2 protein chains.
Amino acid sequence: MTAMAYDSKLPHVVVLGAGFGGLMFAKEFPAHLARITVVDRQNHHVFQPLLYQVATAGLAAPDIAQPIRAILRDKPNLTVLMAAVQGIDLAAKRVQLDQGTLDFDYLVIALGGQTSYFGHDDWEQFAPGLKTLDDAVRLRRNMLLAYERAEVEPDPVKRAELMTTVVVGGGPTGVELAGSFAELARTVLYRDFDHIDPRQAHILLVEGGPRVLATFPADLSASAQQQLAKLGVDVRLNTKVTAIRENEVELDGRPLRAGNIVWAAGVGASPVTRSLGVETDRAGRIKVRPDLSVPGHPTVFAVGDLATLIDAKGVVVPGVAQGAMQGGTFVAKLLAQDLTVGPRPPEERPAFAYWDKGNMATIGRSKAIAQIGKMHFSGFFAWVMWLALHIVFLVGLRNRISVFVNWIYSYFTYKRGARIIMGEPVTTPPAPGPQASSVS
Amino acid sequence: MTAMAYDSKLPHVVVLGAGFGGLMFAKEFPAHLARITVVDRQNHHVFQPLLYQVATAGLAAPDIAQPIRAILRDKPNLTVLMAAVQGIDLAAKRVQLDQGTLDFDYLVIALGGQTSYFGHDDWEQFAPGLKTLDDAVRLRRNMLLAYERAEVEPDPVKRAELMTTVVVGGGPTGVELAGSFAELARTVLYRDFDHIDPRQAHILLVEGGPRVLATFPADLSASAQQQLAKLGVDVRLNTKVTAIRENEVELDGRPLRAGNIVWAAGVGASPVTRSLGVETDRAGRIKVRPDLSVPGHPTVFAVGDLATLIDAKGVVVPGVAQGAMQGGTFVAKLLAQDLTVGPRPPEERPAFAYWDKGNMATIGRSKAIAQIGKMHFSGFFAWVMWLALHIVFLVGLRNRISVFVNWIYSYFTYKRGARIIMGEPVTTPPAPGPQASSVS
């Protein structure tokens with residue numbers, strides 16, 4: 001590697017992951033105090049809250065992504081590496097990458113989570129999750145292809161099967177996906193086909209617990225469920241997925257055929273946490289100390305979805321963007337203090353306190369729920385708040401303009417601009433001769 | 001397939017391909033005269049003239065694509081099939097698709113062209129072409145990945161190699177790609193990296209003939225070459241590519257290492273033409289009659305890149321969007337007449353005459369050339385004309401707004417909004433340990 005421009009006497013801080021937590025650390029940390037290397041296996045930061053809109057053809061992938069180098073371009077003493085983390089040696093203070101190794105003085109682990117199948121990893125091939133832009137584009141392709149196939153399918157049973165979508169998991173992602181899929185079929189696609197009526201599409205949302213959006217207050221859950229019902233989503237509560245096969249899901253033991261099955265049920269920590277030799281919870285999240293340091297390693301911190309903590313106020317820090325961002329900011333300030341006034345043992349450092357600014361989820365056009373402190377909102381007003389906040393927090397001016405234009409356009413035209421099927425051609429088994437020829 | 005809404009006594013017109021030619025036929029043909037089936041293997045029409053901007057990270061893929069169903073939604077008696085054409089039996093009047101077969105009364109073959117390697121099909125894997133959105137996204141990924149790899153490459157020779165891009169072919173696509181790659185490196189990427197200077201990137205444009213843009217007048221070719229030189233593109237005229245291997249191209253027998261090699265040198269007709277039993281030229285294009293019908297088959301027409309004709313004015317109809325669109329419109333009117341006043345033999349039908357509305361090519365920011373009749377333009381004015389015309393002809397209001405916003409944004413910020421690497425992770429051979437660890 002060529003000569004580095006910055007002072008090599010400064011301590012080296014390695015940040016793993018440029019999601020909300022890692023990025024916020026890199027932005028907030030005073031650049032003159034250390035050299036920083038930000039490592040991510042992608043070249044871009046993804047604005048995860050809008051990933052489902054790429055999957056449901058509302059936005060193009062670049063609208064919700066921003067190159068990490070561009071975001072951090074103006075930070076001195078900072079370098080960005082596109083590389084995958086293969087292991088962390090806490091004792092040797094070294095990170096193993098696919099591109100080589102990195103020695104660190106301080107480490108911020110912010111690798112986030114990944115889709116978890118609770119021990120049923122074989123379900124992944126039949127029920128993909130939604131964590132990356134590639135996941136979203138694949139999901140969009142699979143959904144749109146199912147309608148294309150239904151259009152030429154002579155067997156009404158198979159046709160109905162292709163137009164059935166099962167979303168597993170009633171959390172925010174599941175609710176947003178199911179609502180958006182239902183709207184796509186009923187308000188957008190129905191005008192496009194001659195032989196099928198996409199308004200007859202069957203969208204199921206399957207939740208193991210007694211209500212959707214279980215982290216919200218009960219009245220908002222109920223409101224969300226009503227709003228889903230209005231969109232024609234078939235919500236199945238207290239329903240367990242017992243098996244998933246190709247185009248088939250078992251609900252409490254009863255098989256159901258479906259053209260698309262989407263997994264939005266579980267998020268686990270990045271698998272690298274399990275190799276650290278530190279205590280993790282069942283989802284693989286590191287049980288961090290109140291200062292967000294990793295127990296036994298005061299110069300190593302973990303923030304975001306791969307850490308778990310009951311904070312100074314007795315609140316479990318939730319695995320949401322706000323939690324990761326506040327964690328990143330907290331560690332940036334804490335580390336700056338340590339580097340300025342001298343290192344402190346973890347017990348003398350301040351304790352992280354999560355500030356719950358509120359929670360919101362959107363269900364569809366004019367449909368959302370929001371909780372801000374003790375105030376609960378649902379319907380149109382919550383939806384407008386949701387739109388405004390997501391535009392504001394989206395990274396990058398171009399993306400904000402682009403998303404804004406797309407939303408205005410979709411609102412007035414009932415169209416979605418990214419209804420294109422990309423990616424490797426899917427091998428469709430050639431249908432028997434008569435079916436397409438019956439057109440002529 | 002379910003019952004058709006339209007009158008099955010009407011003749012059946014099958015249109016193969018929804019590029020400029022097929023789409024224009026479908027739009028212009030009077031809907032009450034026949035049932036129409038439009039077949040395309042994609043679900044979207046691509047605005048090919050802007051494909052290079054997706055490849056060079058200026059635009060997102062959905063910005064230049066529009067679902068075929070959405071474009072033709074309001075046409076009665078018309079159905080869209082997403083299927084791949086496997087063969088055409090002209091005698092039996094039947095098309096073989098991967099989804100079944102289609103019988104036709106009239107056929108419009110508008111399948112366009114594909115990248116041709118002039119008998120060197122083994123070069124494709126090392127020097128991909130640019131015909132589809134997937135091609136464009138792959139090219140974008142390969143370009144951006146090369147700079148990411150250069151950033152961590154300790155060997156200066158290999159680093160220079162990664163930052164070398166060879167574009168083969170000095171036609172409009174080659175010129176646009178080379179200019180845009182040079183601009184991407186010199187005005188956008190150079191701010192993003194710490195260890196490499198993308199302004200040192202070496203972009204070569206290799207052309208076998210004596211000038212670039214050979215279909216334009218000589219003064220405009222010269223102007224384009226000057227404008228390329230200003231962008232730092234290394235233009236090599238009268239230079240033959242004698243071999244292509246992985247990351248290596250042989251120019252007149254001399255090997256040159258390059259991180260990316262792009263093939264923009266040849267377009268041949270869709271291979272289906274060769275199986276028809278009709279006369280084709282060396283590129284596989286059908287030698288159509290003056291009425292654009294296929295010789296010996298008065299109810300079969302071919303338009304666009306897979307047809308070749310010297311028209312009524314003695315002009316060779318060029319393989320450009322205008323040629324395909326005018327061909328589609330011509331056949332729509334001709335067929336409407338035949339269906340209204342009765343069939344005519346080909347020699348009694350009108351002859352197609354190409355109307356050359358002008359030609360333009362863009363080289364970069366404020367850089368373009370244009371020919372309209374006897375008038376020649378180059379530089380800023382030609383560039384503004386190019387921008388305006390491409391916005392106007394782009395299909396879809398949302399796409400027009402989105403492209404306009406992106407162009408305005410890029411013009412003022414010197415940024416490109418789609419600088420994201422997507423697609424399957426490329427397997428990078430792990431570099432030797434010392435290289436990345438030297439960061440720390």
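Lettering follows sequence order; numbering is per chain, from 1. Just so we're clear, the structure is a prediction, and the values are computed from it rather than from any experiment.
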**Fill in**
When the 4.5 angstrom heavy-atom criterion is applied to B/Ile401 and chain A, the contacting part is side chain
Is there a side-chain contact between [X] and [Y] in this structure, where contact means two heavy atoms from C-beta onward sitting under 4.5 Å apart?
{"X": "A/Thr413", "Y": "B/Arg398", "value": "no"}
{"X": "B/Glu148", "Y": "A/Arg69", "value": "yes"}
{"X": "A/Thr79", "Y": "B/His195", "value": "yes"}

Where does [X] contact chain B at under 4.5 Å (heavy atoms): side chain, backbone, both or neither?
{"X": "A/Asp63", "value": "neither"}
{"X": "A/Ile421", "value": "both"}
{"X": "A/Val95", "value": "neither"}
{"X": "A/Leu144", "value": "side chain"}

**Prompt:** Quick one: does B/Asn43's side chain have a donor or acceptor within less than 3.5 Å of a partner on A/Arg419's backbone?
**Reply:** yes
**Request:** Report the option among A/His44, A/Gln66, A/Gln96 that has the most heavy-atom pairs separated by less than 4.5 Å from atoms of chain B.
**Result:** A/His44
**Max heavy-atom pair count under 4.5 Å with chain B, selected residue of A/Leu397, A/Val80, A/Asn406** = A/Asn406
**Prompt:** Can you name the nearest heavy-atom pair linking A/Ile420 to B/Ala65, along with the distance?
**Reply:** CG2-CB, 3.7 Å
**Message:** Could you report the tightest heavy-atom contact between A/Arg73 and B/Asp192, atom names first, then the distance?
**Reply:** NH2-OD1, 2.6 Å
**Item:** Pairs of heavy atoms under 4.5 Å with chain A: top-ranked of B/Pro67, B/Ala418, B/Ala83, B/Pro156
**Value:** B/Pro67
**Prompt:** Which of the residues B/Gln42, B/Arg41, B/Arg191, B/Lys415 is involved in the greatest number of heavy-atom pairs with chain A at under 4.5 angstrom?
**Reply:** B/Arg191
**Prompt:** Could you give the distance from CG (B/Leu133) to CE (A/Met422), rounded to the nearest 0.5 Å?
**Reply:** 5.0 Å
**Asked** Should we count NZ of B/Lys158 as having more than 12 external heavy atoms under 6.0 Å?
**Response** no
